[in-house]
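This is a predicted model, so every value here is computed, not measured. Reminder, nothing fancy here: chain letters follow the sequence lines and each chain counts from 1.
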Amino acid sequence: MPELPEVERAARTLRKAAAGRVIERIALIHPALKRRVSAHRLRTLRGTRIAAIVRRGKHQLLELDDGRVFHVHFRMAGDWDVGRTDEPLPRHARATIDLTDGTRISLVDPRALSTVELHAVGDNPLDGLGVEPADASLTPALLIQAFARRRGPIKPVLLDQHIIAGIGNIYASEALWRAKISPAVPAAGLSRRRIQELIDEIRHVLGPAARLPGRYKDARESTRIAVYGREGKPCRRCATPIERIVQAGRSTYYCPSCQRR
DNA sequence: CGTATCCTGACC
DNA sequence: GGTCAGGATACG
């Protein structure tokens, strides 16, 4: 499920259930998660208050009141399930966060690719992460500079979280379609004007959490998927059949007619 | 830069 | 049985 809008929604769910509350225990169920944080370090979380929940890109940071950070990334298929400690675990529960009030938040993830980390006081959990789409510092000038070092096509570059944080495979195709930019054009060499259009469309497709405050009045405007997964179906602008190509191992969908090189 | 890899489930 | 999946990273 998760790209930026879905992670934003999940973080809000978590905030509602857990912000300001105290951890009873965090349990890692799946072996791949157990490998990441030792049982000993997990036990040190008991009695710690969750001061705040912060989303950055597709990352969720549970900021603990002792300064440590419990860091969760859903990867391809993670999500939160909020229940009670006396209920049976949901299907595909990979970790649980039990609170002293009896709430159990389960990390559910059929593919078990989600990751968790426990950061010590003072480390930066998001070293190298790119700019947040809603941040005013996301400007054409910034991207011109970032793109200049890239030789490859724009679409895989949009997925690079070191540049802009939070664009995933679906919305990369969607933003390029809306901006009428071919996914195959070299990132370097896009004009300032086209980059500005691309930034606007990235903010549009990623929804309210990616938009600058005070802009885009129509926050509820439909963000329905226009190209992703629509191979062979007519382009919603020009009716040309949508094509699918593979770039950097991921599917890209685009209109060969109205997305220009 | 592309490719393999981590995992599991859904679908052909 | 094979392929694909809304992610990220290690590697050649």
Side-chain angles (χ1 to χ4, degrees), chain A residues 1-11 13 28-37 55-61 71-81 89-95 106-117 119 124-130 132-133 146-178 183-189 201-202 204-207 209-210 223-232 242-254:
Chain A
M1 319 259 142
E3 289 200 28
L4 188 150
E6 294 79 18
V7 176
E8 173 68 17
R9 191 173 355 111
T13 299
L28 303 179
I29 300 166
H30 194 281
L33 290 182
K34 287 188 190 207
R35 268 180 251 132
R36 303 186 68 95
V37 184
R55 178 198 60 74
R56 264 279 280 133
K58 295 175 252 190
H59 301 256
Q60 293 175 82
L61 304 177
H71 177 184
V72 179
H73 195 299
F74 284 162
R75 299 289 182 106
M76 301 277 267
D79 202 0
W80 297 121
D81 174 276
L89 282 178
R91 188 165 156 77
H92 304 310
R94 305 307 186 189
S106 300
L107 170 57
V108 293
D109 181 358
R111 290 182 67 182
L113 292 171
S114 290
T115 58
V116 300
E117 256 167 286
H119 297 275
N124 175 5
L126 301 173
D127 196 28
L129 189 65
E132 193 67 27
F147 291 174
R149 284 178 280 111
R150 297 306 196 99
R151 199 177 308 245
I154 180 68
K155 193 271 191 166
V157 172
L158 288 182
L159 296 181
D160 184 343
Q161 303 297 302
H162 304 286
I163 303 176
I164 304 174
I167 305 175
N169 200 40
I170 291 180
Y171 295 121
S173 284
E174 295 299 317
L176 288 169
W177 180 83
R178 292 186 60 93
V185 291
E201 298 304 349
I202 288 166
H204 179 93
V205 299
L206 292 182
T223 6
R224 80 170 165 167
I225 303 302
V227 274
Y228 190 85
R230 296 190 65 246
E231 183 178 14
I242 296 301
E243 291 185 4
R244 171 183 179 268
I245 56 175
V246 174
Q247 296 179 293
R250 321 276 320 265
S251 292
T252 300
Y253 296 85
Y254 72 106

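- Side-chain N/O atoms of A/R75 include none lying less than 4.0 angstrom from OP1 or OP2 on C/dT9.
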Problem - Trace of the side chain to side chain contact (heavy atoms under 4.5 Å, CB included) decision for A/R178 with A/H204 - result: CA-CA 9 Å; A/R178 292 186 60 93; A/H204 179 93; 3.5 Å; yes
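- Note on A/R94: only backbone sugar-phosphate atoms sit closer than 4.0 angstrom, heavy atoms only; bases stay farther off.
- Taking side-chain N and O atoms only, A/R35 has a distance below 4.0 Å to OP1 or OP2 of B/dC7.
- A straight line from CG of A/L113 to C1' of C/dG7 spans 8 Å, rounded to a whole angstrom.
- In this structure, CG of A/D160 is placed 9 Å from P of B/dC1, rounded to the nearest angstrom.
- The side chain of A/R250 places an N or O atom within less than 4.0 Å of a non-bridging phosphate oxygen (OP1 or OP2) of C/dG7.
- Comparing C/dG7, C/dA5, B/dG2 against the side chain of A/E3 picks out C/dG7 as the nearest.
- The distance between atom CZ of A/R150 and atom P of B/dG2, rounded to the nearest whole Å, is 10 Å.
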Exercise for the section: Give the intermediate values and the outcome of side chain to side chain contact (heavy atoms under 4.5 Å, CB included) for residues A/L158 and A/I202. Expected result: CA-CA 10 Å; A/L158 288 182; A/I202 288 166; 4.1 Å; yes
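- Of the candidate nucleotides C/dA5, B/dC7, C/dA8, B/dC7 has the atom nearest to the side chain of A/A32.
- Between the C1' atom of C/dA8 and the CZ atom of A/R111 lies a distance of 12 Å, rounded to the nearest Å.
- Rounded to whole Å, atom C1' of B/dC6 lies 11 Å from atom CG of A/D109.
- The CG atom of A/L126 sits 7.0 Å away from atom NE2 of A/H119, with the distance rounded to the nearest 0.5 Å.
- Using a 4.0 Å cut-off, no side-chain N or O of A/H30 falls inside it from OP1 or OP2 of B/dC6.
- Nucleotides B/dC1 and C/dA5 are separated by 24 Å at their C1' atoms, to the nearest Å.
- Looking only at distances, a side-chain donor or acceptor of A/E3 sits under 3.5 Å from a matching main-chain atom of A/G168.
- Shortest non-hydrogen contact noted between A/L28 and A/K34 is O-CE, 3.1 Å.
- In this structure, A/Q161 reaches the C/dA8 phosphate: one of its side-chain N or O atoms is under 4.0 Å from OP1 or OP2.
- Contact annotation for A/G249: no contact, since no heavy-atom pair falls under 4.0 Å across all strands.
- For B/dC7 and C/dC11, the P atoms lie 16 Å apart once the distance is rounded to whole Å.
- Taking only side-chain atoms of A/M76, from C-beta outward, the nucleotide of C/dA5, B/dT8, B/dC7 with the closest atom is C/dA5.
- Under the Watson-Crick or G-U wobble criterion, with both distances below 3.5 Å, C/dT3 is paired with B/dA10.
- For C/dA5, the OP1/OP2 oxygens have a side-chain nitrogen or oxygen of A/S251 closer than 4.0 Å.
- Between the CG atom of A/L159 and the C1' atom of B/dC1 there is a distance of 15 Å, rounded to whole Å.
- Relative orientation of the A/F74 and A/W80 rings is perpendicular, given thresholds of 30° and 60° on the angle between their planes.
- To the nearest angstrom, P of C/dC4 lies 17 Å from CD1 of A/I170.
- One atom, NZ of A/K34, and another, P of B/dC6, lie 20 Å apart when rounded to the nearest Å.
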